[in-house]
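The block underneath contains the structure these notes are about, expressed in structure tokens.
What you see below is based on every heavy atom in this structure, not just the backbone, and it leaves out hydrogens, waters and symmetry mates.
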Amino acid sequence: MSSLQIDAVLSQIRAMQSQIKGVGAPQNDVAKVAGVEGAVQAPTNSFANVLKQGLDSVSQQQARASDLATKFEQGVPGVELSQVMLEMQKASVSFRAVAEVRNRFVNAYQEIMNMPI
């Protein structure tokens, strides 16, 4: 893997980390700004939204890798095997990361359910 490719992957990781760090940041209360008392607003960076964005990102990565592989198979000029392999590996790593997060959530859920009351 070249230095440029490693730098690109590291920048993606840093972007995801900064996105996750934004989850705990205080949010403006939209209801107070609008003058509506007692209104309940869901935070824009809730855990569910961050999780959905992560899943969407993995889905897009897999679609991009599949599209690039199809273009390579069709002989589209400018699409190289190294590009296809790199995108396929990125999609694979992203999917494995999501699967690991899911496994850890399932384990945490099982531990909580098995706790005595």
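Contact of the Met85 side chain with the Leu81 side chain is registered, since non-hydrogen atoms from C-beta on lie closer than 4.5 Å.
The minimum heavy-atom distance linking Ser94 with Gln61 is given by the pair OG-CG, 4.2 Å. The nearest pair of heavy atoms linking Val84 to Val79 is CG2-CG1, 3.9 Å.
Each side chain to side chain donor-acceptor pair (under 3.5 Å) pair with one or both residues in residues 98-110, not counting sequence neighbours, appears once here: Glu100-Arg104. The list of salt bridge (charged side-chain N to carboxylate O under 4.0 Å, His left out) pairs with a residue in residues 71-81, not counting sequence neighbours, reads Asp67-Lys71. Applying the ring pair (Phe, Tyr, Trp, His ring centres under 6.0 Å) test to residues at least two apart or on different chains, none of the pairs has a partner in residues 48-76. The list of ring pair (Phe, Tyr, Trp, His ring centres under 6.0 Å) pairs with a residue in residues 76-108, not counting sequence neighbours, reads Phe47-Phe105. Applying the salt bridge (charged side-chain N to carboxylate O under 4.0 Å, His left out) test to pairs two or more places apart or on separate chains, none has a residue in residues 107-117.
For the pair Ser59 (side chain) and Leu55 (backbone), a donor-acceptor distance under 3.5 Å is absent. A donor-acceptor pair is defined here as one N or O able to donate and one able to accept, closer than 3.5 Å; no such pair exists between the side chain of Ser66 and the backbone of Gln62.
Partners of Val93 by side chain to side chain contact (heavy atoms under 4.5 Å, CB included), not counting sequence neighbours, listed by chain and number: Arg96. With sequence neighbours excluded, the residues forming a side chain to side chain contact (heavy atoms under 4.5 Å, CB included) with Ala65 are Glu87, Met88, Ala91, listed by chain and number. Partners of Ile112 according to the side chain to side chain contact (heavy atoms under 4.5 Å, CB included) rule, which considers only residues two or more places apart in sequence or in another chain, do not exist here. By the side chain to side chain contact (heavy atoms under 4.5 Å, CB included) test, Lys52 pairs with Asp56, sequence neighbours left out.
The distance from atom CD of Gln60 to atom CD of Gln53, rounded to the nearest 0.5 Å, is 10.5 Å.
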